[in-house]
Structures are given as C-alpha cells and as structure tokens.
Protein chains: 2
Amino acid sequence: MTTGDGRSRLLAAATRLIRTQGFAATSVEAICREAGVTKGAFFHHFPSKEALGVAAADAWSEVTGRLFAEASYHRPADPLDRVLAYIEFRRALVAGEIADYTCLVGTLVQEAYGSDPIRAACGASILGHAGTLEADMAAAAEARGVADVDPASLARHTQAVLQGAFILAKAGGGAAAVEEALDHLKRYLRLLFANPGASGA
Amino acid sequence: MTTGDGRSRLLAAATRLIRTQGFAATSVEAICREAGVTKGAFFHHFPSKEALGVAAADAWSEVTGRLFAEASYHRPADPLDRVLAYIEFRRALVAGEIADYTCLVGTLVQEAYGSDPIRAACGASILGHAGTLEADMAAAAEARGVADVDPASLARHTQAVLQGAFILAKAGGGAAAVEEALDHLKRYLRLLFANPGASGA
DNA sequence: CTCAACATACCAACCGGTCGGTATGTCGTC
DNA sequence: GACGACATACCGACCGGTTGGTATGTTGAG
C-alpha cells in the first residue's frame, strides 16, 4: 500500500492488518511498515494508537457508506424486494479471504469495546448502516399490513446476523457460513412480511 | 480467583480477562497476577500462550456443555417448545457486565482465527453446542410437517444470531441488544414451524 | 528417591510513544 | 518579488516498560 498520502495509507494499512489480526495484535510499527512510512509519520497524523482505531472506524463508515449508497439494491419498486436485494448484495460481497469480507468495526469493537472512543465510533458505524435500512423495512411493513414489527429493531437484527455469521466464518465455516446465515435472514424477512397477522411476536 | 489448583485458577483468570480485554491484549503476566500464581506456574501447565488459549476454549466447552445439558429447557414435550425454551434460557443468562454474558470462544476466535489450534478449539465449541440443538430442530420440523429446513443449519444460525448480538451489545446496545436479537430469533422459528408449505426458502 | 507443582530470576525482543531535526510549502508584508 | 514567520509532513534514533519465554531452584507428597 503505497498510494495516496501518508494518512490514508496508514488508515488503509491499519484496516487490512486489524481485519486479519485484530487491533491489539497489530503493532504501530507493523502498520507503518505496511504503509511504507515511519513511526514519526504515524504519530504526526495520530496522537495515539487508540486515535488511529477511531479514525479507522470513521473511515470505514465513510467508505462503506458510499459503497452501499451507490449500490443498485435500492432500485426495486417494492420495499421488501429492496431489502431482499440488500441481502443479496451483502452475499455478493462475501468472496476471497476471510479478512476481505469481514467487518472492520465488528472485529474492532469486539476486543476494544473497553475503549470508549473506539466503542462509540464502531457503534455509530454499525447503527448508522442499520439506519439506512430502516425506511425500507418500515415501508415493507406498511405495504404488507404487518403491524407489530419495529423497523429499527429489524434493521439492527440484519447487522447482528451478519456479524454473527462472520464469527462462524472465522470459526471454520468460511464464506459458506455467511451465505447460510443470509439465507435464514432472507427467509425470516419473507415469512415476516408474507404473513400479516401471523407475525409470531 | 484463588480457589482450586493452579491450572484451573489460570484457566478461570484467563477466561475472565480474555472476555473483557480480548486475547492479544491479555498478557501472560496479567493472567498470573489474576490467578495468584507466578509465571513459572503458567509455563509449567501450558507450553505457550497459544496453548492456554486452546485449553481455555476446551474448558469453556466443558463448562458450558454441562450447564446446558443440565438445564431445564429440555423438559417440554413439544420439540419446538424445547427450542423456544432454550432461547429463553439464553435470555436469562444475559445479566450483569458485558463480559459476564458474552461468549469466550466467540471473542477468542474473532481475533485469533489465524492460529489454527485456537480456531479449531473455538470452532468445535460453537459447532458442538449447535449440535446439541439439532435433534430438537429436526423433531420440530418433523412434527410440524415442515420439509425444507436443515436442522443443522438452523442450529448454527441460532449461534450466529447470538454471536452477532454480543457484538451489538459491545457496540453500545448492551443486554437489550441481545434480548432484541433473541426475540427476532424466536419469531423466526415460530414463523418457520407454524407455516408448513410456506417456509419461504 | 522421584516427580509434579510450583517459585525466582532473568533475558532478548518488542511495545507505544517521544523528541530533535529537516524538507517543503504557504502567506502576509514591504 | 523577496523575505521572514509559521505550518505541514515526515524522518529515525531513542526511551522506559512490557512481552512471551527460559533456566534453575525449592518443596512436599507418595
């Protein structure tokens, strides 16, 4: 990683290393080596390793936010179809090495939730992304006449399923574990929105 | 933690520290301090820190295995009720600090899946536990005449939802995030097994 | 006497972070 | 357009403390 300015190269290197090894196991020196800069540069751009963690989470929110905003799953006219298309979009993202498709902030918050700034940045990232699904969830519930569904809660649940699937993937299941979880999630949503009055709550 | 022999004290201390700080951030010295033994004792019982990680995962499997085997959620006559009771049992376990109710092996494998022995031990723990749910899942599907459900896959999914819920909890949602995810899981199972032929697969 | 179960002392490598210094602008002023 | 003041971006040596791990000793039970 030797393109762009020092700061973004450090961020990219940190993201890659944290996704493969975790935050604590990734040393500042290793990030610098990967980014092709020195420790002096690191501490010029970030006051501490913790601050780098926060910046990496924020950068992750921005990059993934753009990716999802520009994706084509928003196109279907039916809101449920949009939600289902979102899940298919997530499935298409699951390819290559585990570190290539797992979530930076999920990995980060799992081991660094004890640091309040990092926890807040990761929480904002996950919840912010969940928030982008809320409107479609609500519209789907409305369109199908399903009353006892909390769109925000349902949106959060999609993220819980994804995060959990990543752990099963790391535990040995690989990409197949994520696809399997996504199938269950899809089925849940279909059952939920296809059965007004029988929502099982 | 100063009861029992050195080895189990080290295991208990490691479990507690890893659950709160993660594996890499937990030093051998910190584990020894917490267990009230010296480093000599540590390396007498475990050849390396990695081996301690494996042993902690194995011990976790054993302890939780006993806990779930002896729990009362196996009592209901109806298999679906048993599965639902399992989820309620999991909900009852969610209390106190985050580190008190989150999963050791889930935390461990997230950051240490790069170590094959640790990955294997964590995978065996999660999948082994999922396996204990399989029979009830299969019986529920059979009893309700729901065909296109893979009991093993469904059992794995319950674990994915739980692991993901723990991450949302760490991201700021706390115990409520886990309970919310458990509600969705329950609803999914109810919808799935209450609607033969409409399983949405 | 033996052997497991520890304790003590120690080591080289590595950790996050600091610090003095340098090269390259940028900007206001005369 | 020349000049001083200041900012930004970065370098790499260095620091004290911590790391996982080792070598050697002690102790108590069988």
Side-chain angles (χ1 to χ4, degrees), chain A residues 1-18 20-59 107-108 111-119 121, chain B residues 1-18 20-59 107-108 111-119 121:
Chain A
M1 194 38 82
T2 36
T3 49
D5 61 342
R7 196 188 134 94
S8 42
R9 255 155 57 206
L10 282 165
L11 250 12
T15 299
R16 210 164 333 114
L17 290 172
I18 294 169
T20 50
Q21 312 172 345
F23 182 68
T26 299
S27 72
V28 171
E29 272 190 7
I31 296 170
C32 294
R33 211 179 309 127
E34 180 92 353
V37 302
T38 60
K39 245 204 288 204
F42 183 99
F43 285 100
H44 169 71
H45 291 291
F46 309 102
S48 67
K49 191 189 175 185
E50 185 187 50
L52 177 270
V54 173
D58 289 343
T107 303
L108 193 50
E111 55 170 324
Y113 70 96
S115 153
D116 227 70
I118 291 183
R119 204 226 74 238
Chain B
M1 194 38 83
T2 37
T3 50
D5 60 341
R7 196 188 133 92
S8 41
R9 257 156 53 206
L10 282 165
L11 250 12
T15 300
R16 210 165 334 115
L17 289 172
I18 294 169
T20 49
Q21 312 172 344
F23 182 68
T26 299
S27 72
V28 171
E29 273 190 7
I31 296 169
C32 294
R33 211 180 308 129
E34 179 92 352
V37 301
T38 59
K39 246 210 272 210
F42 183 99
F43 285 100
H44 170 71
H45 290 293
F46 309 103
S48 67
K49 191 190 175 185
E50 183 186 51
L52 177 270
V54 173
D58 288 343
T107 304
L108 194 48
E111 55 171 324
Y113 71 95
S115 153
D116 227 70
I118 291 183
R119 203 226 75 239

[X] [atom1] to [N] [atom2], straight-line distance once rounded to whole Å:
X       : N      : atom1 : atom2 : result
A:Leu52 : C:dG17 : CG    : C1'   : 13 Å
B:Phe42 : C:dA4  : CZ    : P     : 20 Å
A:Phe43 : C:dC15 : CZ    : P     : 12 Å
B:Lys49 : C:dA13 : NZ    : P     : 20 Å
A:Leu10 : C:dG17 : CG    : C1'   : 15 Å
B:Ile31 : D:dG20 : CD1   : P     : 8 Å
B:Asp5  : D:dA29 : CG    : P     : 16 Å

Does the side chain of [X] get closer than 4.0 angstrom to OP1 or OP2 of [N] through an N or O atom?
X       : N      : result
A:His44 : D:dC10 : no
B:Thr38 : C:dT8  : no
A:Lys39 : D:dG12 : no
A:His45 : D:dC10 : yes

Any side-chain heavy-atom pair of A:Phe46 and A:Val54 under 4.5 Å: no
Taking the side chain as everything from C-beta on, heavy atoms only, tell me whether B:Val37 gets closer than 4.5 Å to B:Ile31. no
How far does [atom1] of [X] sit from [atom2] of [Y], to the nearest 0.5 angstrom?
X        : Y       : atom1 : atom2 : value
A:Thr26  : A:Arg16 : OG1   : CZ    : 11.0 Å
A:Leu17  : A:Glu34 : CG    : CD    : 4.5 Å
A:Thr107 : A:Gln21 : OG1   : CD    : 12.0 Å

NA contact type, B:Gly6, heavy-atom cut-off 4.0 Å: base, sugar-phosphate, or nothing? sugar-phosphate
Categorize A:Glu29 for me: base, sugar-phosphate, or nothing, with a 4.0 angstrom heavy-atom threshold over every strand shown.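 Result for A:Glu29 = sugar-phosphate.
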Quick one: on DNA chain C, does A:Gly40 or A:Ala25 contact a more 5' nucleotide (nearest heavy atom)?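 By nearest-heavy-atom nucleotide position, the 5'-most residue is A:Ala25.
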